[in-house]
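Quick notes on the structure that follows.
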Amino acid sequence: MTTPPHHPLDIAQAWADQGRSVAIATVIECWGSAPCPPGSHLVIDAKGQFEGSVSGGCVEGAVIAEALRVIETGRPRLLEFTVADDLAWQVGLSCGGRIRIHVERLG
């Protein structure tokens, strides 16, 4: 019996090995209030299933939505959420901070 992978990158590889389309979101920069440090990962498949974390609350919902587009188009995206953005209030960064997240398709 094999133990299922726990690290998001191992999960991403396992999902890809199963033939699932996968995107990886990686925190590349944080400033101020951000719950996950640089290097944190969120993996998403084409059905919207995900493992890991790059932030909290609605930020992750926005990242998952963008990841689905990345899976579809194959074009990587650089996402930035800041307190100055209208979107920041919508996705939960209203307490201050900035987070930059790179999203790319695996394979």
Side-chain angles (χ1 to χ4, degrees):
M1 178 181 216
T2 30
T3 305
H6 295 289
H7 189 279
L9 295 180
D10 294 332
I11 292 168
Q13 187 60 59
W15 287 359
D17 290 347
Q18 295 169 10
R20 293 159 75 173
S21 297
V22 177
I24 301 172
T26 305
V27 176
I28 59 170
E29 182 184 17
C30 297
W31 175 84
S33 176
C36 297
S40 298
H41 300 287
L42 178 67
V43 296
I44 306 95
D45 75 3
K47 293 182 180 181
Q49 296 177 332
F50 61 92
E51 292 284 340
S53 184
V54 291
S55 187
C58 297
V59 169
E60 286 194 346
V63 172
I64 291 166
E66 288 298 325
L68 294 173
R69 287 185 195 95
V70 167
I71 289 170
E72 184 179 316
T73 66
R75 290 190 299 269
R77 299 262 311 169
L78 180 60
L79 310 176
E80 184 170 326
F81 302 96
T82 68
V83 74
D85 293 338
D86 290 337
L87 183 59
W89 292 94
Q90 295 171 19
V91 299
L93 285 178
S94 56
C95 56
R98 177 180 69 217
I99 184 170
R100 294 179 72 196
I101 300 169
H102 182 259
V103 184
E104 63 187 324
R105 187 170 69 188
L106 180 62

Minimum heavy-atom distance between [X] and [Y], given as atom pair plus value:
X    : Y    : answer
G74  : P76  : O-CD, 3.5 Å
S55  : I99  : CB-CD1, 4.2 Å
I44  : F50  : CG1-CB, 4.1 Å
A23  : V103 : CB-CG1, 4.3 Å
R105 : V70  : N-CG1, 3.5 Å
S53  : C36  : OG-SG, 3.6 Å

Run the salt bridge (Lys or Arg N to Asp or Glu O under 4.0 Å) test against E104 and tell me which residues pass, sequence neighbours left out.
none
Test salt bridge (Lys or Arg N to Asp or Glu O under 4.0 Å) applied to E29 - qualifying residues, sequence neighbours left out:
R98, R100
Value rounded to 0.5 Å, distance of CG in D10 from CD in E51:
12.0 Å
As an exercise, state the distance from CD1 of I11 to NE2 of H6, rounded to the nearest 0.5 Å.
8.0 Å
Only pairs at least two apart or in different chains count here, so list each salt bridge (Lys or Arg N to Asp or Glu O under 4.0 Å) that has a residue in residues 34-47.
R20-D45
Is the closest basic N to carboxylate O distance between R69 and E66 below 4.0 Å?
yes
Tell me whether L42 shares a hydrophobic cluster with I28, the cluster being built from Ile, Leu, Val, Met, Phe, Trp, Tyr side chains joined at under 4.5 Å.
no
Does Q49 CD have over 12 foreign heavy atoms under 6.0 Å away?
yes
Contact check, side chains of L9 and Q13, non-hydrogen atoms, under 4.5 Å
no
By side chain to side chain contact (heavy atoms under 4.5 Å, CB included) - contacts of A46 (at least two apart)
S21, I71
With A12 via side chain to side chain contact (heavy atoms under 4.5 Å, CB included) - residues at least two apart
V22, I24, V43, L106
List for me each residue that meets side-chain hydrogen bond (donor to acceptor under 3.5 Å, both in side chains) alongside S40, sequence neighbours excluded, and say none if there are none.
none
